[in-house]
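No experiment lies behind these values; they were computed from the predicted model shown.
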Amino acid sequence: MAALRYAGLDDTDSEDELPLGWEQRTTKDGWVYYANHTEEKTQWEHPKTGKRKRIAGDLPYGWEQETDENGQVYFVDHINKRTTYLDPRLAFTVDDNPTKPTTRQRYDGSTTAMEILQGRDFTGKVVVVTGANSGIGFETAKSFALHGAHVILACRNMTRANEAVSRILGEWHKAKVEAMTLDLAQLRSVQHFAQAFKAKNVPLHVLVCNAAAFALPWSLTKDGLETTFQVNHLGHFYLVQLLQDVLCRSAPARVVVVSSESHRFTDINDSSKNLDFSRLSPSKNDYWAMLAYNRSKLCNILFSNELHRRLSPRGVTSNAVHPGNMMYSSLHRHWWVYTLLFTLARPFTKSMVESPRSRT
């Protein structure tokens with residue numbers, strides 16, 4: 001074909017020749033997809049053979065992959081001083097032959113976020129991840145960024161957030177990733193973040209409410225609320241409300257609220273089965289760190305369910321997820337007893353890179 005000859009490659013077997021109006025393209029991580037210019041649609045399967053393909057090998061010497069202003073991948077041949085939107089490796093693709101389904105599930109507790117996103121191109125998508133400077137928040141942000149998304153790390157500690165940005169850029173220097181200040185323990189900070197984000201005039205396709213506090217000693221925020229409740233639930237609740245209009249304009253969009261299996265081990269109702277507000281932000285005498293955490297996670301579940309009910313008709317879905325019994329994070333750092341327990345449990349839990357898979 002003319003496009004292949006322009007790229008300096010010969011035509012492939014006639015079975016793989018595309019029908020009129022079709023074009024081959026590639027994602028950043030090497031998967032082939034097909035664009036139909038007549039019907040303005042894309043698909044993973046070859047329109048004639050039904051096969052899925054992926055790129056084999058690295059770019060030829062002298063070639064470099066770039067991204068244009070529309071987020072589309074193109075290729076530069078520095079030796080011959082030319083550019084093309086056709087991947088020069090397309091003549092060397094290999095078939096992706098999925099195995100027949102077995103009784104074993106496709107993904108398990110050892111699957112990583114990178115494996116889940118394999119073959120997916122998030123170019124043009126904007127993702128915000130709270131608490132993304134470390135732990136599973138960082139792994140989630142990195143996975144999205146390495147698959148083409150514009151990722152914003154919303155963090156309280158900007159020094160650590162900028163270090164996280166540098167680590168992601170160290171893996172792929174063209175990743176679109178940045179850090180913005182967000183302190184969930186201060187509602188004014190949440191408001192400032194929302195205003196700064198809206199000032200960018202970009203859409204918001206995925207909002208991952210990941211940041212959390214665990215085993216904190218009792219304290220009140222500047223807003224006069226118990227810290228665990230505000231950081232884990234109320235701060236995120238307020239953030240979603242402030243960004244709700246952007247999410248709806250960006251539909252299809254998604255909110256992911258990171259909860260925990262521990263939400264099952266508490267209640268927020270009184271003896272008459274009515275909501276007891278004093279349990280949400282308890283006084284010092286009524287405070288127990290583990291119970292406060294469990295209640296905040298229950299609030300996450302209830303909030304996500306109601307958010308989905310209200311916004312799904314407008315194209316915004318909401319999911320609350322349990323990332324797995326993963327104890328490699330630093331959530332336990334506030335009390336040595338939890339640190340000891342988490343250390344003993346490490347051989348039986350998931351690694352950091354395996355945990356984000358539960359919510360992608």
Side-chain angles (χ1 to χ4, degrees), residues 107 109 113 116 127-132 135-137 140 154 182 184-185 187 190 204 206-216 221 225-244 247-248 253-282 286-327 329 331-332 338 349-350 354-360:
Y107 303 119
I116 291 289
V127 179
V128 171
V129 184
T130 68
I136 57 180
T140 301
L182 173 64
L184 294 165
L187 296 181
V190 177
L204 177 56
V206 182
L207 171 58
V208 183
C209 300
N210 162 80
F214 177 79
L216 291 178
T221 67
L225 297 165
E226 190 277 313
T227 303
T228 300
F229 170 67
Q230 181 165 334
V231 171
N232 292 6
H233 171 64
L234 190 62
H236 282 129
F237 177 92
Y238 188 39
L239 178 65
V240 173
Q241 302 311 303
L242 294 175
L243 296 179
Q244 178 177 307
L247 287 163
C248 292
R254 175 176 296 185
V255 176
V256 180
V257 183
V258 182
S259 184
S260 170
E261 189 71 14
S262 64
H263 81 277
R264 299 180 184 275
F265 310 114
T266 189
D267 196 357
I268 54 176
N269 293 332
D270 59 22
S271 58
S272 301
K273 302 301 180 182
N274 296 317
L275 179 62
D276 185 352
F277 287 98
S278 66
R279 296 189 181 192
L280 300 181
S281 182
D286 296 326
Y287 180 78
W288 180 32
M290 191 69 224
L291 196 56
Y293 178 80
N294 294 354
R295 286 171 176 165
S296 70
K297 296 292 104 179
L298 177 57
C299 288
N300 290 160
I301 298 286
L302 298 174
F303 165 57
S304 179
N305 289 348
E306 179 63 16
L307 184 69
H308 182 79
R309 187 187 71 81
R310 295 190 184 194
L311 295 190
S312 57
R314 302 176 64 183
V316 180
T317 60
S318 179
N319 304 96
V321 297
H322 170 46
N325 296 317
M326 189 281 302
M327 298 187 180
S329 73
L331 274 178
H332 53 79
Y338 283 120
T349 59
K350 294 158 62 176
E354 291 166 353
S355 57
R357 67 145 189 100
S358 301
R359 57 178 190 274
T360 53

Compare every heavy atom of A213 with every heavy atom of Y293, then report the nearest pair and how far apart it is. CD1-O, 3.3 Å
For Y238, give me all partners under ring pair (Phe, Tyr, Trp, His ring centres under 6.0 Å), at least two apart in sequence or on another chain. none
Minimum side-chain heavy-atom gap V255-S304 below 4.5 Å: no
Working for side-chain contact (heavy atoms from CB on, under 4.5 Å), residues W288 and N294: CA-CA 10 Å; W288 180 32; N294 294 354; over 6 Å; no
Are L187 and Q230 close enough, and set up right, to give a side-chain contact (heavy atoms from CB on, under 4.5 Å), and what steps lead you there? CA-CA 9 Å; L187 296 181; Q230 181 165 334; 3.7 Å; yes
So, for H308 and P313, which heavy atoms are closest and what is the spacing to 0.1 Å? O-CD, 4.3 Å
Residues at least two apart in sequence or cross-chain that pass side chain to side chain donor-acceptor pair (under 3.5 Å) with E226, listed by chain then number, are T228
Taking C-beta and beyond as the side chain, do C299 and F237 meet within less than 4.5 Å on heavy atoms? no
Report the C-alpha separation of L207 and L239 in whole Å, then their side-chain angles, then the decisive distance to 0.1 Å, and conclude whether the side-chain contact (heavy atoms from CB on, under 4.5 Å) test is met. CA-CA 10 Å; L207 171 58; L239 178 65; 4.2 Å; yes
I'd like to know if the side chain of K297 pairs up with that of N300 as donor and acceptor (distance under 3.5 Å, no hydrogens or angles considered). yes
Nearest 0.5 Å, what's the CG-CG distance between N232 and L298? 12.5 Å
Quick one, F303 with S318, criterion side-chain contact (heavy atoms from CB on, under 4.5 Å). Give me CA distance, side-chain angles, the key distance, then yes/no. CA-CA 9 Å; F303 165 57; S318 179; 6.0 Å; no
Validation row: T140, N210 side chains within 4.5 angstrom (heavy atoms): no
Tell me whether T317 contacts the main-chain N or O of R254 through its side chain, where contact means a donor paired with an acceptor under 3.5 Å. no
How many angstroms lie between OG in S260 and CD1 in I301, if you round to the nearest 0.5 Å? 8.5 Å
Taken to the nearest 0.5 Å, the spacing of T221 OG1 from F229 CZ works out to 10.0 Å
If we ignore hydrogens and angles and just use 3.5 Å, is the side chain of N319 paired with the main-chain N or O of V256 as donor and acceptor? no
Side chains of R279 and L291, heavy atoms from C-beta outward: is any pair under 4.5 Å? no
Looking only at non-hydrogen atoms, find the nearest pair between L216 and A289 and report the distance. O-CB, 3.6 Å
In short, salt bridge (charged side-chain N to carboxylate O under 4.0 Å, His left out) pairs touching residues 298-309 with sequence neighbours left out are E306-R309, E306-R310
Heavy-atom side-chain proximity of V257 to V240 below 4.5 angstrom: no
Over all atoms of both residues, closest heavy-atom pair of A211 and L184: CB-CD1, 3.6 Å
